[in-house]
Amino acid sequence: MPSFKFSKEEKLKSRKVIQQLFERRTSIHIFPLRLIWGPIEPRFNDYPTQFAVTVPKKRFAKAVDRNRIKRVIREGYRLTKPILNEQLSAFDQQYGLMFIYTGKKKPSLVEIEKSLKRIRKKLVKQLSAEGSEDK
RNA sequence: CUGUAAGACUGUUCUAUCGUUCCAUGCUAGCAUUGGAAAAGGAAAGUCCGGACAACGUAGAGCAUCACGCCAUCUAACGGAUGGGGUCCUUAUUUGCUUUAAUUUAUUAAAGUGAACAAAGGAUACAGAGAGUGUCGCAGAAAAUAACCGCCAACUUCCUCUAAGAUUUAUCUUAGAGAAAAGGUAAGGGUGAAAAUGUGUGGUAAGAGCGCACGGUGUUCUCAGGUAACUGAGAAGGCGGAUAAACCUCGUGAGUUGAAAUGCCGCAUAUAUCCUGAUUCGUAAGAGAUAAGUUGCUCGCUUAGCGUGGAAGUACUUUCGGGUGCUUUCCAUCGGGAGGGGUAGGCAGCUAGAGGUAAUCCGUGAGGAUUAUCCGAGAUAAAUGAUAGAAAGGUAAUCUUUUGAUGUUGGGCUGUAAUCGUCGAAUGUCAUUAGUUUACUUACAGAAUCCGGCUUAUAGGUUUUGCAGUCGC
RNA sequence: GCCAAUGUAGCUCAGGGGUAGAGCACUUCCAUGGUAAGGAAGGGGUCGUGGGUUCAAUUCCCACCCUUGGCU
């Protein structure tokens with residue numbers, strides 16, 4: 001039985017790490033989500049990923065809308081997380097994942113899950129390609 | 001009953017599964033499990049006022065700046081609220097005058113213009129324009145101690161003419177008429193947002209608050225009512241604008257910065273140090289001195305704590321000196337450049353409060369008092385959610401149904417030359433009552449230290465008051 | 001969380017109580033064999049929205065809305 005828990009330790013909080021992610025500029029864009037990702041060194045804990053969401057204030061002026069979108073994305077991530085973690089744990093490395101919502105309308109959970117699925121496949125592909133180059 | 005305007009209250013519910021924050025519990029001491037009838041608002045919003053709380057500053061007076069401004073009350077406080085007063089506007093009513101028309105010749109009608117009281121509704125940043133300065137476009141004679149046109153010829157003066165008288169015979173005096181450089185006047189000028197207190201009347205050379213009557217509006221005094229703002233009555237003496245959300249004057253009040261404040265732990269040589277400018281103090285040099293003490297500092301160990309050391313004088317306390325009238329207080333402050341580090345972690349502040357609810361009492365009311373009872377968010381890259389199902393409400397449509405209005409068709413009755421009237425039937429349209437089914441939908445909006453207000457947003461429901469319409473009694 | 005500034009013609013900006021302007025752009029005409037430059041004429045504004053003060057508001061006061069910026 002996979003765990004759907006989503007604790008504080010799995011949330012990306014360090015300003016330094018976020019800064020590094022944006023400087024690294026490795027991103028995957030599948031509408032309506034953009035993922036900015038990278039390895040975290042040194043790793044904070046045993047979880048294979050740390051996660052953060054942001055919604056631009058320019059497109060959604062009301063706090064209610066922004067909160068709603070963040071909650072939906074967080075929920076979608078929580079439900080798809082076990083598969084992702086299983087695949088990523090093979091690389092023996094902690095990764096930071098930063099999601100930016102780029103859509104213009106309020107999303108439904110189904111759309112978010114679709115996008116997350118495709119992002120996961122692409123991410124794993126890129127990672128395994130990197131790993132083979134190193135070897 | 002329906003519509004409409006304003007206000008008040010309310011602001012969907014339940015179940016299952018998977019999660020988040022917090023609290024409690026468990027033990028292996030940072031994880032797991034179990035439990036929780038714990039977890040967004042009336043505006044959490046805008047950040048427009050007022051406070052609590054905190055840090056720093058702070059004698060008084062003066063200067064500057066800002067805010068407020070009818071009265072009383074409420075309140076921790078307010079620029080908020082409640083009650084009252086004044087002023088203005090709208091509606092309706094009454095009345096004076098002018099013009100026009102009609103005829104009954106003193107009435108009626110219409111229009112214009114001036115004024116008044118009470119009622120209802122609404123608005124009101126509502127101290128001072130009689131302290132001073134400024135501004136008032138265009139139009140208009142004139143826009144602020146008014147005099148251009150006009151009006152006047154009584155008084156004064158000058159000139160001309162006529163008459164009478166006197167004598168110095170061409171001068172004077174008196175009377176009358178004319179003219180108006182000077183003079184008087186402010187009714188008329190139709191422009192304007194505003195034209196010097198309105199209307200009527202007397203008066204006059206012409207006029208005028210110059211007098212009078214009825215009004216308007218200030219000042220002073222007296223009396224009466226009211227806590228007061230203010231109101232009423234009487235007397236005296238007045239009447240040459242608007243603007244203070246123009247400068248300003250008067251009165252009242254105000255230190256600055258905000259919980260990312262602030263304190264502690266941790267990390268730290270960290271207002272380090274050097275150069276330079278300005279200000280302040282000092283005659284100048286220059287930017288206090290000296291001594292003692294400390295829960296402070298150094299080093300070691302994981303924390304608490306314990307042990308050790310005694311160099312330096314950052315901090316605090318006491319003493320002395322200097323500046324200041326005294327006390328307080330200060331003994332440097334602020335800026336620029338160079339240079340060289342560190343953090344963006346934890347704990348407290350952090351939620352029991354000018355708290356909520358109910359009852360009783362006081363008050364016109366805002367509100368207050370007493371008693372009982374309840375405690376129900378505390379996140380920090382920022383929790384309070386997702387999915388599925390059910391219920392409730394709303395909107396729209398289809399169908400059935402109740403009632404009413406109305407059109408068409410043919411029929412009966414009364415009755416006619418005929419239209420017509422009336423009764424019930426079929427069918428169409430509109431409104432309406434109740435129900436079925438389907439679809440859509442359930443507002444505005446998310447705590448960030450906490451309160452009191454204000455402002456703005458808000459589907460639907462409930463309700464109060466006013467107004468309008470319909471039906472019944 | 002806290003604090004400022006701004007809004008005027010299609011664009012960039014003046015105007016700080018008395019009928020709202022400049023430059024560029026736009027339209028028409030002149031000039032040229034034609035185009036540009038040049039010359040002449042013209043159009044275009046709820047002065048962000050709603051109240052208030054005033055005789056009169058783009059301007060003064062109040063509330064709201066939009067945009068932009070700053071602190072952390």
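What you are looking at is a predicted structure, and each value in this text was computed from that prediction instead of being measured. First the proteins, then the strands, lettered A, B, ... as listed; each starts at 1. Values below: all heavy atoms of this structure, side chains included; hydrogens, waters and symmetry mates excluded.
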Secondary-structure notation, RNA chain C, from Watson-Crick and G-U pairs under 3.5 angstrom (| other strand): (((((.(..((((....[..)))).(((((.......))))).....(((((..]....)))))).))))).

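One C1' atom belongs to B:A38, the other to B:A379, and the distance between them is 15 Å to the nearest Å. Remark: the separation of the C1' atoms in B:A193 and B:A182 is 40 Å, to the nearest Å. The gap from the C1' atom of C:G45 to that of C:A14 amounts to 15 Å, rounded to the nearest Å. One P atom belongs to B:G340, the other to B:U318, and the distance between them is 42 Å to the nearest Å. The gap from the P atom of B:A459 to that of B:G346 amounts to 44 Å, rounded to the nearest Å. Remark: the separation of the P atoms in B:G203 and B:A235 is 28 Å, to the nearest Å. The same atom, C1', is picked in B:U333 and in B:A287; the two are 12 Å apart, to the nearest Å. Between B:G428 and B:C473, the two C1' atoms lie 37 Å apart (nearest whole Å).
Rounded to whole angstrom, the span from the CD1 atom of A:I73 across to the P atom of B:A383 amounts to 13 Å. If you measure from atom CD1 of A:I69 to atom P of B:G385, you get 16 Å, rounded to the nearest angstrom. Rounded to a whole Å, the CZ atom of A:R78 is 10 Å from the C1' atom of B:U17. Going from atom OH of A:Y77 over to atom C1' of B:C18 covers 17 Å, rounded to whole Å. If you take CZ of A:R66 and P of B:A45, they are 13 Å apart, rounded to a whole angstrom. One can place CZ of A:R74 at 9 Å from C1' of B:G385, the figure rounded to the nearest angstrom.
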Evaluate A:I36 against A:L97 for side chain to side chain contact (heavy atoms under 4.5 Å, CB included), listing each step before the verdict. CA-CA 6 Å; A:I36 294 175; A:L97 305 176; over 6 Å; no

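Distance check, rounded to the nearest 0.5 Å: CD of A:E75 to OG1 of A:T80 gives 10.0 Å. If you take NZ on A:K125 and CZ on A:R120, they are separated by 13.5 Å, rounding to the nearest 0.5 Å. For the atom pair CD1 (A:I30) and OG (A:S115), the distance works out to 6.0 Å, reported to the nearest 0.5 Å. Here the CZ atom belonging to A:R78 is positioned 14.0 Å from the CZ atom belonging to A:R71, to the nearest 0.5 angstrom. One distance of note links NZ of A:K121 with CD1 of A:I83; it measures 10.0 Å at 0.5 Å rounding.
If you check B:G134 for Watson-Crick or wobble pairing at under 3.5 angstrom, you find it paired to B:U243. Under the Watson-Crick or G-U wobble criterion, with both distances below 3.5 Å, B:G114 is paired with B:U95. B:A179 is unpaired under the criterion used here, namely a Watson-Crick or G-U wobble arrangement in which both key atom distances are under 3.5 Å. Figure legend. B:G253 is base-paired to B:C66; pairs are counted as Watson-Crick or G-U wobble with both atom distances under 3.5 Å. Base pairing analysis places B:A163 opposite B:U174; the two distances defining the Watson-Crick or G-U wobble pair are each below 3.5 Å. Figure legend. B:G266 is base-paired to no nucleotide; pairs are counted as Watson-Crick or G-U wobble with both atom distances under 3.5 Å. If you check B:U107 for Watson-Crick or wobble pairing at under 3.5 angstrom, you find it paired to B:A102. Figure legend. B:G404 is base-paired to B:C430; pairs are counted as Watson-Crick or G-U wobble with both atom distances under 3.5 Å.
Counting heavy atoms from C-beta on, the side chains of A:L35 and A:M98 never come closer than 4.5 Å. Between A:Q126 and A:I28, some side-chain heavy-atom pair lies under the 4.5 Å cut-off.
Classified by its glycosidic torsion, B:G209 falls in the syn category, the angle being within 90° of 0. For B:G35, the base is anti relative to its sugar; the glycosidic angle deviates from 0 by more than 90°. For B:U427, the O4'-C1' to base torsion is more than 90° from 0; the nucleotide is therefore anti. Syn is the classification of B:G218, since its glycosidic angle stays within 90° of 0. In this structure, C:G16 shows a glycosidic angle within 90 degrees of zero, which is the syn conformation.
With A:V72 as the fixed residue, the side chain to side chain contact (heavy atoms under 4.5 Å, CB included) test singles out one of A:V53, A:I112, A:N67: A:I112.
Two different hydrophobic clusters hold A:V124 and A:I119 under the rule that ILVMFWY side chains link at heavy-atom gaps under 4.5 Å.
Judged by closest nucleotide on RNA chain B, A:V53 is the one of A:E75 and A:V53 placed further toward the 5' end.
Contact record, A:G76 with A:L116: C-CD1, 3.6 Å, taken as the closest heavy-atom pair.
For A:K114 and A:E111, the salt-bridge test fails: no basic side-chain N is under 4.0 Å from an acidic carboxylate O.
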What pairs of nitrogen or oxygen atoms, one from the protein and one from nucleotides 444-447 of chain B, lie under 3.5 Å apart?
from, atom 1, to, atom 2, distance (Å)
B:A445, OP1, A:K62, NZ, 2.9
B:A445, OP2, A:K62, NZ, 2.8
B:G446, OP2, A:V64, N, 3.4

